[in-house]
There are 2 protein chains.
Amino acid sequence: MIPTVYDIAKVAGVSLATVDRVLNNRPGVRKVTYDKVQQAIKEIGYVRDISAANLARRKVYRFAFLLPESQGPFVASIRDSLDTVEAAKITDRTRILVHSIPINDPHATARILDRFAPEDIDGVAVMAQETPQVRDAMVRLRDRNIAVVAFVSGQPPVAQDHFVGIDNVAAGRTAAMLMGRFLCCDDARVLTISHSMQARDSLERRLGFDAVMREQFPGVEVLPTLETHGDPVRVGKVIAQARRVYLNISGVYMFVSASSALLESLRKAGLFSSTVTIAHELTLHTKQSLLKGEIDAVITQNVGHLVRSALRVLRSKCDGLNFDPSQEKIRIEIVTRENIH
Amino acid sequence: MIPTVYDIAKVAGVSLATVDRVLNNRPGVRKVTYDKVQQAIKEIGYVRDISAANLARRKVYRFAFLLPESQGPFVASIRDSLDTVEAAKITDRTRILVHSIPINDPHATARILDRFAPEDIDGVAVMAQETPQVRDAMVRLRDRNIAVVAFVSGQPPVAQDHFVGIDNVAAGRTAAMLMGRFLCCDDARVLTISHSMQARDSLERRLGFDAVMREQFPGVEVLPTLETHGDPVRVGKVIAQARRVYLNISGVYMFVSASSALLESLRKAGLFSSTVTIAHELTLHTKQSLLKGEIDAVITQNVGHLVRSALRVLRSKCDGLNFDPSQEKIRIEIVTRENIH
DNA sequence: TACTACATGAGGTGCGTACCTCAAGCAAAG
DNA sequence: CTTTGCTTGAGGTACGCACCTCATGTAGTA
């Protein structure tokens, strides 16, 4: 049989109340008694039944997700996924709050983080550009005993915290490998496009992309990254200008989830027909372009996995359990017309 | 607040005992009363708290996995994963039994399946070649009220059952796309290797592979599939012979998890150095070859995901819940040197 | 009318845990 | 010796649910 708290009491030779005091870190236990109980726990291999504990405790996990208030399809799909999970988790004692945060205002983000109190919130997943303000606020959250994970963008502020998302350097390397092999020729020019090279994920992807290109496809010239800053009007201009300045473009790599404006601009510039195109994040738009043959490959991370992994990690942290990092590693997926289902 | 059984009783105007009779399909309830309770359940949106129910019921999920008694690294990694999960699930009321089944004896497999009784086993995951005997035995399991999923190989015998694994036709298509593009030339010869073309997964992969090759790379000649039948000695001979018969081989596609004997034979035959090679399943062997540059891409399915998905689906079936098929779709992963981590 | 079969209610117990109260014991400090 | 403070035990209640017993009601049948 699976050992229970009663077994601990029996083996340790103490009362149930004392076992309870030890298990739940309540005060009023002498060191010797404490050790005796811990010894018994180890001896019989007791593992707390979390579902029973949560039942007794009337525990509800309250998690907040801070997402950029972007209108992009990628973030939108994250919101959708959160809604779905929320609906399914009613019975799972998990409540999810989604906060929108301004993209370029780290102070506002930090302020929102600072408002979270352990009485209302058990854990927070933060998808934000990495800035000192946000990093510090995340550390303060941890100090207030609120679980924290960095979500998709950014980086965990301290080593103990967790990052939910793909390895962006590896993603860039993968993109470069596909680009290099798909190009099938020794010299070529590749256009690279991003929102902003301030963002850590774009930077890391570029890093990985450049590295593999240098090592394995030295004949390919990678052009300086065009930055669209999420502005639909600017996008068109930037693309058109690049089209004029750089001749013989045979590859296009978009570091970030492509907006419909960006895809439309590329279409108008005639860049799809003659190039190998690689994009990130499988959204409605990239999916369409993939099926039309405009985009050749999309490197993506499964949004459902992202959300569920974040929830699992946050829950483990709240329960004081250590989770299996290999299970929580988010895979880099390569999607083409052939495996898009 | 989340509604409980008490709320049902209140709203339906019946006693708790009657609510219990309805919820657990116990006899002795008039149709009108039954409907009244069901109406109340809908009205207040009651959802059974499964963890509390399992606690009260002292429920332990007992699942059996039937795996081929193969010595291959892929099945071995599934066994490993099952062990890990088993260890982690002690507290999760899940007990896992692993049965080995002979590869070419469908009657033996059917006999094992027929021995399972609902008193001992709640669900079974079957990884077996698809034969009428096994199919029928799986149907009989279902009839005995034991949850069934087809695992990795084969196909669910009836539509309501579930298949845990990748879409093998799509996997073959993906392989063809990579092969075609990596070859970078209009005419080429591709060697294809499998254990046995009797197996459904090999067949489906070949199907997808051929389709994409025909459509998109008509210049590529796909050779008849060599069958190794898992025999290390035979493997070497078959490969050597193929090497003599077919000149100018520029691509190799292995439909199944490659054994070390197969990889060694290819190495000896000098087939790695001059060809684009694509294999299935990321194992210790394929990983090494990938890192050495012998294999160019591995198409794989995450074993941990496979196992956990099977468990989730089996548990949902036992609980009478319907699961989210989109969450349970196993992704086709493409692994190269660049994203292998 | 008396008997039967069935439908329902009332109430209890237990699952493994959390959390609370109260009393008793003990040792050190005054 | 009394007071104070700390440690420990005994015992109860609750969480949401399953499962059981027994009593009572109600309708139909002989």
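It should be emphasised that the depicted structure is a prediction, and the values quoted were computed from it without experimental measurement. Here is how names work: the chains are called A, B, and so on, in the same order as the sequence lines, proteins then strands, and each is numbered from 1.
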Taking only the side-chain nitrogens and oxygens of [X], find out if one of them lies under 4.0 Å from OP1 or OP2 of [N].
X: A:Thr18; N: D:dG9; result: yes
X: A:Arg58; N: D:dA14; result: no
X: B:Arg26; N: D:dC19; result: yes

Without decimals, in angstroms, what is the distance between [X] [atom1] and [N] [atom2]?
X: B:Ile8; N: D:dG16; atom1: CD1; atom2: C1'; value: 11 Å
X: A:Leu23; N: D:dT8; atom1: CG; atom2: P; value: 15 Å
X: A:Asn54; N: D:dG16; atom1: CG; atom2: C1'; value: 13 Å
X: A:Tyr6; N: D:dG11; atom1: OH; atom2: C1'; value: 11 Å
X: B:Arg21; N: D:dC17; atom1: CZ; atom2: P; value: 18 Å
X: B:Lys10; N: D:dG16; atom1: NZ; atom2: P; value: 12 Å
X: A:Leu16; N: D:dT8; atom1: CG; atom2: C1'; value: 13 Å

Considering all heavy atoms of both residues, which atom of A:Val148 and which atom of A:Lys317 are nearest to each other, and what is their separation?
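That would be O-NZ, 3.8 Å.
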
Going by the side-chain hydrogen bond (donor to acceptor under 3.5 Å, both in side chains) test, name the single residue among B:Lys31, B:Lys36, B:Gln38, B:Arg30 that passes it with B:Tyr34.
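Of B:Lys31, B:Lys36, B:Gln38, B:Arg30, side-chain hydrogen bond (donor to acceptor under 3.5 Å, both in side chains) with B:Tyr34 is met by B:Gln38 alone.
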
Which of the following nucleotides, D:dA18, D:dT7, D:dC15, is nearest to the side chain of A:Arg30?
D:dT7

Where the side chain of B:Asp49 is concerned, which of D:dT8, D:dG16, D:dA18 is the nearest nucleotide?
D:dG16

Find which nucleotide of DNA chain C each of A:Asp20 and B:Val14 is nearest to by heavy atoms, and output the residue with the more 5' nucleotide.
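Taking each residue's closest nucleotide, the earlier one in sequence belongs to B:Val14.
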
5'-most by nearest nucleotide on DNA chain C - B:Val32 or B:Ala52:
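Of the two residues, B:Val32 wins.
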
Identify whether any heavy atom of [X] sits under 4.0 Å from a base atom; if not, whether one sits that close to sugar-phosphate; answer base, sugar-phosphate or nothing.
X: B:Tyr46; value: sugar-phosphate
X: B:Ala53; value: sugar-phosphate
X: B:Asn24; value: sugar-phosphate

Check the side chains of A:Gln301 and A:Glu333 for a donor-acceptor pair under 3.5 angstrom, ignoring hydrogens and angles.
no

Would B:Arg140 and B:Asp136 pass as an ion pair if we require N to O under 4.0 Å?
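Judged by the 4.0 Å cut-off on N to carboxylate O distance, B:Arg140 and B:Asp136 do not form a salt bridge.
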
Salt bridge or not for B:Asp120 and B:Arg62, using N-O below 4.0 Å?
no

Counterpart residues, side chain to side chain contact (heavy atoms under 4.5 Å, CB included), relative to A:His107 (two or more places apart):
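Once residues adjacent in sequence are excluded, the partners of A:His107 under the side chain to side chain contact (heavy atoms under 4.5 Å, CB included) criterion are A:Asp105, A:Arg111, A:Gln133.
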
Test: A:Lys10 cationic atom under 6.0 Å from A:Tyr6 six-membered ring centre, within 45° of axis
no

Check every nucleotide of DNA chain C for an atom under 4.0 Å from a heavy-atom of chain A, then give the first and the last such nucleotide from 5' to 3'.
C:dG16 to C:dC19

